[in-house]
Structure formats: structure tokens, C-alpha cells
Novice: 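One structure is given below, represented as C-alpha cells, and several questions about it will come after.
Every heavy atom of this structure was used, including side-chain atoms; hydrogens, water molecules and symmetry mates were not. FYI, the numbering just counts along the sequence from 1.
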Amino acid sequence: MTIQHLVPFLWSTAATIVGGLILAVLFFLAREKLFPPPDVSGRWYLEMSFQKTSYKPFNGMILRYVAVFWREGHKVKGTAEKVYENSSTGERNFVGKDRTRSVIDGHIEKNVFSIDRVSLHVIEDGHGRESTHFHDLVVHRDDRLVGTFITMAADSEGIVTWQREPY
């Protein structure tokens, strides 16, 4: 190959590399600035409605929690406390030492062409028994997270709604 053929090849290669770098920077800026992950940091109120369970007293049970969590990139961390229960044993509010605490760990799935999702793993330190919940949530434009949950407590599952305003 002669120098006459080598120079256009080098210019073409350099132009391709520079063009690729420019596209990479533009895609990065679009992802970070135009389509950032949803801001889920702060206080949330959630309600779990039990739809299916292996323990009959849990049928139709409603649990409510107050949660605080923060976002670190696409990761979510936080804590929650159970504040309300409506079950076959009655309706009651939990205050102070009667509240059970939970630890939240999760991930935001940022989608450019579809709805963003949040997956949460919640470990609740119940009175005498620890249990695990998994929440699969869809981010709504009205600042709500809505989806399903499964829990190891009585192999239960149902609908869960997270919102910014108290119930």
C-alpha cells in the first residue's frame, strides 16, 4: 500500500473514531439530562392489599406503611414502618414501639421507550418473625408507584400502591 492510499484510509479511520466518540457523548448526555431516572427519594406511604394467601385470616388484609428512601444512581435504599392493619382480627393503628421496621433495598429500571420500573426487596422485622416482601412497581406520572407484591409470610401476594400523600 502506498502513502497515497494510506492517507485517505487514516483520515477515514480518524473521522469514524471521532464520529463514534461524539455519538457516545451525545447518548450519555441524553440519558443523564433528558431521560434521568425518576426521583423516588423522600417519604412515601404504601398500602398492600392481600389478594392471595395460604393463611385464611390474611385474605383481604390491608397493611399500610410509611417509608423513607433515597436514590443512589439506579439503586434505592431506605426503611419503612408498619402503621396500620385491617384484617380478620380487626382494624388497628400502630404507634411507637408497636410498629414493625423494615429495611428496603432496590433498583430502578430506567426505560426510554417504555414505563420506568422499580423493584424493591423489603425485609420486615416483625414481632418475633422476620419476613421478606418483593415489590414490582411501575412509575406513574402522578408521582405514584403501583404494582404487585409477593411475601414469604403465608405465601401471600397482592396489589401495592406507593404514594406521596398519607392514606
Side-chain angles (χ1 to χ4, degrees), residues 27-28 30-167:
F27 281 126
F28 174 79
R31 187 184 74 141
E32 295 297 318
K33 300 299 181 192
L34 297 177
F35 304 105
D39 184 14
V40 295
S41 297
R43 183 186 318 216
W44 289 86
Y45 301 88
L46 65 129
E47 181 175 272
M48 297 169 60
S49 173
F50 285 66
Q51 308 292 312
K52 183 178 166 188
T53 180
S54 65
Y55 184 59
K56 285 192 178 202
F58 284 6
N59 277 333
M61 180 168 63
I62 304 287
L63 297 179
R64 291 183 183 152
Y65 295 78
V66 175
V68 175
F69 57 82
W70 59 94
R71 178 177 62 86
E72 297 173 355
H74 288 274
K75 292 184 183 279
V76 177
K77 295 178 183 271
T79 59
E81 292 184 357
K82 182 167 38 172
V83 296
Y84 173 84
E85 178 181 315
N86 187 351
S87 67
S88 62
T89 61
E91 185 176 8
R92 62 186 151 279
N93 292 302
F94 299 104
V95 181
K97 65 179 176 53
D98 294 327
R99 290 185 175 183
T100 59
R101 291 188 44 91
S102 303
V103 176
I104 302 168
D105 192 21
H107 178 77
I108 298 171
E109 180 183 318
K110 176 65 191 145
N111 297 308
V112 175
F113 297 111
S114 64
I115 297 172
D116 297 336
R117 300 185 79 81
V118 178
S119 299
L120 299 175
H121 178 233
V122 181
I123 300 173
E124 183 174 354
D125 185 15
H127 297 288
R129 182 175 185 271
E130 188 175 90
S131 64
T132 298
H133 311 231
F134 177 77
H135 297 217
D136 182 25
L137 306 167
V138 172
V139 178
H140 287 255
R141 294 181 200 267
D142 61 357
D143 213 16
R144 290 183 314 131
L145 307 172
V146 179
T148 58
F149 74 88
I150 57 172
T151 178
M152 296 170 92
D155 296 322
S156 303
E157 57 187 69
I159 306 299
V160 62
T161 303
W162 293 65
Q163 62 188 35
R164 297 285 189 172
E165 297 299 319
Y167 284 93

Novice: Mind checking whether His121 and Ile123 have side chains closer than 4.5 Å, heavy atoms only?
Specialist: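 His121 reaches Ile123 side chain to side chain.
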Novice: Are Tyr65 and His133 close enough that some pair of their side-chain heavy atoms sits under 4.5 Å apart?
Specialist: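 Of all side-chain heavy-atom pairs linking His133 with Tyr65, at least one is under 4.5 Å.
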Novice: I'd like to check Val160 versus Thr148 (side-chain heavy atoms, cut-off strictly below 4.5 Å). Are they in contact?
Specialist: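 A side-chain contact under 4.5 Å is absent here.
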Novice: Would you please test Trp162 and Phe69 for ring pair (Phe, Tyr, Trp, His ring centres under 6.0 Å) and show each step?
Specialist: CA-CA 12 Å; Trp162 293 65; Phe69 57 82; 5.4 Å; yes
Novice: Between the side chain of Asp116 and the main-chain N/O of Lys110, is any donor-acceptor distance below 3.5 Å?
Specialist: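 Not confirmed, Asp116 side chain does not pair with Lys110 backbone.
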Novice: Grab the two heavy atoms, one from Ala80 and one from Ala67, that are nearest each other, plus how far apart they are.
Specialist: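 So the two residues come closest at CB-CB, 3.8 Å.
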Novice: Give every residue pair that meets the salt bridge (Lys or Arg N to Asp or Glu O under 4.0 Å) criterion with at least one member in residues 140-154, sequence neighbours excluded.
Specialist: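 Pairs touching residues 140-154 that pass the test: Asp142-Arg144, Asp143-Arg164.
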Novice: Going by the rule ring pair (Phe, Tyr, Trp, His ring centres under 6.0 Å), which residues pair with Tyr55 if we only count those two or more places apart in sequence or in a different chain?
Specialist: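 Testing Tyr55 for ring pair (Phe, Tyr, Trp, His ring centres under 6.0 Å), a comparison that skips the adjacent residues, returns Phe58.
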Novice: Is the shortest heavy-atom distance from the side chain of Val83 to the side chain of Tyr167 under 4.5 Å?
Specialist: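 No, every pair of side-chain atoms sits at 4.5 Å or beyond.
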Novice: Given Glu124, which partner from the list Thr151, Thr100, Thr132 fulfils the side-chain hydrogen bond (donor to acceptor under 3.5 Å, both in side chains) test?
Specialist: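 When side-chain hydrogen bond (donor to acceptor under 3.5 Å, both in side chains) is applied between Glu124 and each of Thr151, Thr100, Thr132, only Thr100 qualifies.
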Novice: Take Glu81 and Arg99 through the salt bridge (Lys or Arg N to Asp or Glu O under 4.0 Å) test and state the conclusion after the steps.
Specialist: CA-CA 6 Å; Glu81 292 184 357; Arg99 290 185 175 183; 3.0 Å; yes
Novice: For the residue pair Phe149 and His135, categorise the inter-ring angle as parallel (less than 30°), tilted (30 to 60°) or perpendicular (more than 60°).
Specialist: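 Ring orientation, 0 to 90° scale: tilted.
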Novice: Say whether Thr89 and Arg92, considering side chains only, have a donor N or O and an acceptor N or O under 3.5 Å apart.
Specialist: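 A pair is found: one side chain offers a donor N or O, the other an acceptor, under 3.5 Å apart.
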Novice: For residues 40-48, which side-chain donor-acceptor pairs fall under 3.5 Å, sequence neighbours excluded?
Specialist:
residue	atom	partner	partner atom	Å
Ser41	OG	Arg71	N	2.9
Trp44	NE1	Val40	O	2.7
Glu47	OE1	Arg64	NE	2.6
Glu47	OE1	Arg64	NH2	2.8

